[in-house]
Amino acid sequence: MKKIVLALAVLVAAGIGAWFVWRPAPTAPDVAFTTIEGKTFSMQDLRGKVVMVKFWATSCVTCVKQMPGAIETYNEYAPKGYETVAVAMSYDPPNYVLNYAETRKLPFPVTLDTKGELARAFGDVKLTPTAFLIDKQGHIIKRYLGDYDVAEFHATLKKALAAG
């Protein structure tokens with residue numbers, strides 16, 4: 001009897017482990033973004049590209065610290081099919097966001113989430129920076145919270161760009 005119980009326990013554990021390994025990646029919500037210049041596009045429009053959706057705020061020290069690296073990454077990988085969408089949190093004053101984007105010459109789309117709808121759609125984002133790396137098919141590959149390992153991120157990005 002003990003052997004049967006042990007065998008069942010091993011099978012259940014193996015099944016749970018397999019689910020975590022082979023479960024389908026969640027799909028990014030099909031939201032619409034409006035840039036600070038008034039251009040509108042959706043996640044659906046970005047299919048075929050690897051996309052980083054980054055929730056940030058001008059008052060977030062880590063966000064501001066990461067921005068030069070985000071610009072470098074964008075400039076290096078955009079020609080290879082990479083897009084960044086910087087989503088300013090609802091509490092960030094629009095004039096601060098506009099000033100930051102203009103003075104830093106942010107090369108990627110910057111959007112305002114004035115009603116918090118984008119943050120809610122991406123799992124009710126509250127902390128910044130929170131970023132989602134999304135593959136060409138629109139699946140969330142990885143979620144980044146706070147500071148992250150840039151080398152690991154670039155390796156993951158390269159792998160996603162190389163995937164069909």
Side-chain angles (χ1 to χ4, degrees), residues 24-163:
T27 302
D30 191 22
V31 294
F33 301 98
T34 302
T35 69
I36 54 179
E37 294 88 13
K39 181 184 173 203
T40 302
F41 61 95
S42 70
M43 281 303 306
Q44 194 70 33
D45 297 330
L46 298 173
R47 291 281 167 93
K49 292 185 174 193
V50 177
V51 180
M52 172 69 87
V53 176
K54 185 179 191 81
F55 290 87
W56 70 291
T58 57
S59 59
C60 164
V61 174
T62 304
C63 301
V64 171
K65 183 183 106 182
Q66 288 178 346
M67 208 54 87
I71 293 167
E72 287 175 22
T73 299
Y74 178 82
N75 288 336
E76 181 177 348
Y77 293 101
K80 299 170 185 163
Y82 174 66
E83 183 63 82
T84 298
V85 181
V87 181
M89 297 295 285
S90 61
Y91 55 81
D92 210 354
N95 57 326
Y96 287 23
V97 176
L98 185 60
N99 180 58
Y100 188 93
E102 287 177 349
T103 59
R104 282 21 170 240
K105 297 184 178 11
L106 298 184
F108 39 76
V110 177
T111 68
L112 300 171
D113 189 16
T114 55
K115 296 179 184 171
E117 293 169 347
L118 297 171
R120 280 191 293 282
F122 275 88
D124 206 17
V125 173
K126 300 263 191 238
L127 303 173
T128 57
T130 297
F132 298 86
L133 187 62
I134 301 162
D135 71 13
K136 295 175 185 177
Q137 291 75 40
H139 299 110
I140 297 172
I141 301 170
K142 189 145 185 178
R143 178 177 182 244
Y144 297 91
L145 180 59
D147 239 341
Y148 55 89
D149 182 319
V150 175
E152 182 276 328
F153 167 68
H154 281 191
T156 304
L157 175 56
K158 287 177 189 174
K159 184 177 173 186
L161 286 168

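Heads up: numbering here begins at 1 and tracks the sequence.
- With hydrogens and angles disregarded, a donor-acceptor distance shorter than 3.5 Å links the side chain of Arg47 to the backbone of Gln137.
- Using a 4.5 Å heavy-atom cutoff, the side chains of Phe153 and Thr73 are in contact.
- The list of ring-ring contact (aromatic ring centres under 6.0 Å, His included) pairs with a residue in residues 101-121, not counting sequence neighbours, reads Tyr74-Phe108.
- With no hydrogens or angles considered, a side-chain donor-acceptor pair links Asp92 and Thr58 at under 3.5 Å.
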Would you check, one step at a time, whether the test side chain to side chain contact (heavy atoms under 4.5 Å, CB included) holds for Tyr91 with Ser59?
CA-CA 10 Å; Tyr91 55 81; Ser59 59; 4.1 Å; yes
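- For Thr156 against Leu133, the heavy-atom pair with the smallest separation is CG2-CD2, 3.7 Å.
- No side-chain heavy atom of Gln66 sits under 4.5 Å from any side-chain heavy atom of Trp56.
- Inter-residue side-chain proximity for Leu46 and Val85 is flagged as met; some heavy-atom pair is nearer than 4.5 Å.
- Side-chain contact between Met52 and Tyr82 is present, with at least one heavy-atom pair separated by less than 4.5 Å.
- Applying the side chain to side chain donor-acceptor pair (under 3.5 Å) rule to Glu83 yields no partners; only residues at least two apart in sequence or on another chain are considered.
- A donor-acceptor pair is defined here as one N or O able to donate and one able to accept, closer than 3.5 Å; such a pair exists between the side chain of Ser42 and the backbone of Gln44.
- For the pair Thr35 (side chain) and Lys39 (backbone), a donor-acceptor distance under 3.5 Å is present.
- In this view, Lys142 and Glu152 satisfy the side chain to side chain donor-acceptor pair (under 3.5 Å) rule, not counting sequence neighbours.
- Ala163 and Lys136 get closest at one heavy-atom pair: O-NZ, 2.8 Å.
- Listed for the Asp113 side chain is no donor-acceptor partner under 3.5 Å among the backbone atoms of Ser90.
- Taking each heavy atom of Pro79 and Asn75 in turn, the nearest pair found is CD-O, 3.6 Å.
- In terms of heavy atoms, Ala121 sits closest to Pro29 at O-CG, 3.3 Å.
- Residue Ile134 comes nearest to Phe122 through the heavy atom pair CD1-CE2, 4.1 Å, listed as atom of the first residue, atom of the second, then distance.
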Does Leu161 form a side chain to side chain contact (heavy atoms under 4.5 Å, CB included) with Tyr77? I'd like the steps, not just the answer.
CA-CA 9 Å; Leu161 286 168; Tyr77 293 101; 3.6 Å; yes
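- A heavy-atom distance below 4.5 Å is found between the side chains of Val53 and Met43.
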Audit row: Thr84, Val51, side chain to side chain contact (heavy atoms under 4.5 Å, CB included) steps and yes/no
CA-CA 6 Å; Thr84 298; Val51 180; over 6 Å; no
Give the intermediate values and the outcome of side chain to side chain contact (heavy atoms under 4.5 Å, CB included) for residues Met89 and Phe55.
CA-CA 6 Å; Met89 297 295 285; Phe55 290 87; 3.9 Å; yes
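- Here CG of Asp135 is found 12.0 Å from CG of Leu157. Values are rounded to the nearest 0.5 Å.
- Side-chain contact between Thr40 and Phe33 is absent, with no heavy atoms from C-beta onward closer than 4.5 Å.
- Formation of a donor-acceptor pair under 3.5 Å by the Arg104 side chain with backbone atoms of Met67 is not found in this model.
- For the pair Leu112/Ile36, a side-chain contact is recorded, criterion being any heavy-atom separation below 4.5 Å from C-beta on.
- For Gly146 against Thr62, the heavy-atom pair with the smallest separation is C-CG2, 4.3 Å.
- Going from atom NZ of Lys54 over to atom OG1 of Thr111 covers 13.0 Å, rounded to the nearest 0.5 Å.
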